[in-house]
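Right, one structure below, let's go through it.
Only heavy atoms go into these numbers, but all of them, side chains included; no hydrogens, no water, no symmetry mates. Sequence lines set the chain letters: A, B, ... in the order given, protein chains first and strands last, and positions in each chain run from 1.
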Amino acid sequence: MRLVMMGTGPFAVPTFRKLYETDHTVVALVTGPLKDHRPGVAVGPMRDLAHEHLTPIFDPEDINSPESQVSLAAMEADLLVVCDYGQILSAAVLGTARLGGINLHASLLPKYRGAAPINWAIYHGETETGVSVIHMTPAVDAGPIIAQASTPIRPDETAVELEARLAEIGAWLMVRAIDTLQEGHVEAIPQDPAQASKAPRLKKSDGLIDWNRPAAAIRNHVRAMEPWPKTFTFWHRESGPPVRLILGPVSALPRTPKGVGPGTVVEAARDRLVVAAGEGAVLIQGVQPAGKRLLSTREFLNGHRVRPGDRFGPEQAPAMPLSIASR
RNA sequence: CGCGGGGUGGAGCAGUCCGGUAGCUCGCGAGGCUCAUAACCUCGAGGUCCUAGGUUCAAAUCCUAGCCCCGCAA
């Protein structure tokens with residue numbers, strides 16, 4: 001079949017690579033426009049792969065514009081293979097290929113529809129997720145499911161690690177789906193809207209830690225927000241403005257410190273930095289101060305006088321120890 | 001010219017505004033204490049304060065130019 005690959009981000013790379021190992025023809029790569037044209041800026045693995053195989057690149061600002069549709073139609077594709085592309089395709093665009101488009105989505109649809117399914121799955125403490133290949137419809141991530149595969153989420157797996165695994169599984173699933181499509185007999189299963197949930201694109205503010213949540217939830221938060229926006233909090237000192245800290249790896253400690261409110265530093269010595277959470281406590285194993293690289297807790301504490309009793313929390317509202325009173 | 005932070009013994013930082021003896025927490029070395037220790041005590045080594053020029057009696061600190069590193073830009 002004549003395939004048009006549509007993808008931009010790293011999640012699409014394994015799928016794109018695998019297409020070249022099939023008997024199908026990759027007619028073109030459709031990808032996001034280059035943002036920074038300065039020399040020396042990497043153009044990205046998707047473009048590199050296309051160059052390597054002498055595949056033409058099409059990178060319109062707006063894929064749904066009439067001009068873009070004309071260009072797509074001229075490719076006379078059988079199928080649009082879409083993965084981590086970044087733009088929503090109109091019905092007209094989907095119609096430019098004989099069989100329409102299929103999309104690889106990194107969740108067990110209908111759960112976690114949207115741009116950041118991996119991150120939100122980890123954030124919510126899911127122990128299993130997967131990939132789905134759907135037939136594309138104008139409603140985002142809502143088309144009938146052609147193929148699906150699940151995988152467990154390891155307890156300490158970060159979003160980056162999970163994404164890499166799912167991309168590989170997804171590439172394999174995509175190729176299988178394409179082959180079944182070619183054979184013509186596809187039993188696509190409609191999604192149950194009642195089971196649907198949302199996984200919206202991440203915002204920087206999604207990285208702000210809420211120390212009132214249980215320690216285990218904070219740990220999930222930290223591993224979910226990789227590689228962006230990361231999780232951060234503010235260290236409120238006796239003197240000077242609050243310092244923004246990006247958290248490195250953290251562990252959840254089961255014991256809830258007595259007599260202090262969530263966000264209070266309960267230990268700050270050597271290589272141990274422990275902060276009270278709403279339930280349990282969080283052991284911070286690495287810290288990145290604003291404008292600095294990631295420091296081990298030991299390095300950080302050598303240079304910064306964090307003391308037990310200091311508060312971690314949002315930038316505003318020091319939220320003086322609300323409850324010296326014990327629980 | 002995208003925005004911002006920074007360059008001070010091996011690590012992380014303070015000192016810079018307001019020029020005047022190189023400081024803190026560690027690490028390293030020697031010794032001591034201890035049944036013992038990542039604990040504690042004593043002593044010690046180790047620094048062109050990024051570079052070049054300028055101002056000055058005197059520059060880590062002020063002025064000018066440059067180099068390099070990092071974070072955020074989704």
Whole angstrom is fine here: how far is it from CZ in A/Arg293 over to C1' in B/C69? 11 Å
Please report the distance separating the P of B/A60 from the corresponding atom of B/U21, rounded so that it comes out in whole Å. 10 Å
Testing the 3.5 Å rule here: is there a donor-acceptor pair between the side chains of A/Arg311 and A/Thr264? yes
CZ (A/Arg17) and CD (A/Glu52) are apart, to the nearest 0.5 Å, by 8.0 Å
Only pairs with both distances under 3.5 Å count, Watson-Crick or wobble alike; so what is the partner of B/C62 in this structure? B/G54
Please list, pair by pair, any protein nitrogen or oxygen found under 3.5 Å from a nitrogen or oxygen in nucleotides 36-39 of chain B.
unit_1 : atom_1 : unit_2   : atom_2 : d
B/A39  : OP1    : A/Arg270 : NH2    : 3.2

In Watson-Crick or G-U wobble terms, both distances under 3.5 Å, what is the partner of B/G44? B/C28
Mutual orientation of the aromatic rings belonging to A/Phe232 and A/Phe234 [parallel < 30°, tilted 30-60°, perpendicular > 60°]: perpendicular
In the strands shown, is B/G2 matched to any nucleotide by a Watson-Crick or G-U wobble pair with both distances under 3.5 Å, and which? B/C72
Write down the distance separating the C1' atoms in B/A30 and B/C13, rounded off to the nearest Å. 27 Å
Salt bridge (Lys or Arg N to Asp or Glu O under 4.0 Å) filter on A/Glu299, not counting sequence neighbours, yields A/Arg293
With sequence neighbours excluded, residues passing salt bridge (Lys or Arg N to Asp or Glu O under 4.0 Å) with A/Arg154: A/Glu157
Return the value, rounded to whole Å, for the distance between atom CG of A/Leu273 and atom C1' of B/U25. 15 Å
Is a donor from one side chain sitting under 3.5 angstrom from an acceptor on the other, for A/Thr151 and A/Glu128? no
Interatomic distance at P, B/G5 relative to B/C63, whole Å: 15 Å
Using only heavy-atom distances, determine whether the side chains of A/Thr129 and A/Tyr112 contain a donor-acceptor pair under 3.5 Å. no
Whole angstrom is fine here: how far is it from CG in A/Leu294 over to P in B/C72? 11 Å
Are there any protein N/O atoms within less than 3.5 Å of an N/O atom in nucleotides 5-8 of chain B, and if so, which ones and at what distance?
none

Without decimals, in angstroms, what is the distance between A/Lys204 NZ and B/G4 P? 14 Å
What's the gap between B/G20 and B/G53 when it is taken at their P atoms, as a whole Å value? 23 Å
Tell me every residue that passes side chain to side chain contact (heavy atoms under 4.5 Å, CB included) with A/Asp23, counting only those two or more places apart in sequence or in another chain. none
Using Watson-Crick or G-U wobble geometry with both distances under 3.5 Å, which nucleotide pairs with B/U34? none
Please give, in whole Å, the distance from B/C13 P to A/Leu245 CG? 12 Å
Say we look at B/A22 and B/U48: how far apart would their P atoms be, to the nearest angstrom? 13 Å
When rounded to the nearest Å, what value does the distance between C1' atoms of B/C26 and B/C62 take? 33 Å
Base partner of B/G23, which must satisfy Watson-Crick or wobble distances under 3.5 Å: B/C13
Are side-chain N/O atoms of A/Thr158 and A/Glu226 paired as donor and acceptor at under 3.5 Å? no
Do A/Ser71 and A/Ser68 have side-chain N/O donor and acceptor atoms under 3.5 Å apart? no
Any strand, both distances under 3.5 Å, Watson-Crick or G-U wobble: B/C67 pairs with B/G7
Does a nitrogen or oxygen in the side chain of A/Arg305 sit under 4.0 Å from OP1 or OP2 of B/A14? no
Assert: residue with more 5' nearest nucleotide on RNA chain B, out of A/Glu299 and A/Gln288, is A/Glu299
Write down the distance between CG (A/Leu301) and C1' (B/A11), rounded to a whole number of angstrom. 13 Å
Starting at CG of A/Asp271 and ending at C1' of B/A11, how long is that distance when rounded to a whole Å? 14 Å
May I have the list of side-chain donor-acceptor pairs in residues 171-182 of chain A shorter than 3.5 Å, sequence neighbours left out?
unit_1   : atom_1 : unit_2   : atom_2 : d
A/Asp179 : OD1    : A/His24  : NE2    : 3.1
A/Thr180 : OG1    : A/Arg176 : O      : 3.2
A/Thr180 : OG1    : A/Ala177 : O      : 2.7

Please measure how far the P atom in B/C24 lies from the corresponding atom in B/U64, and state the result in whole Å. 33 Å
When rounded to the nearest Å, what value does the distance between P atoms of B/G7 and B/G15 take? 10 Å
Nearest whole Å is fine: how far is B/C26 P from A/Leu295 CG? 17 Å
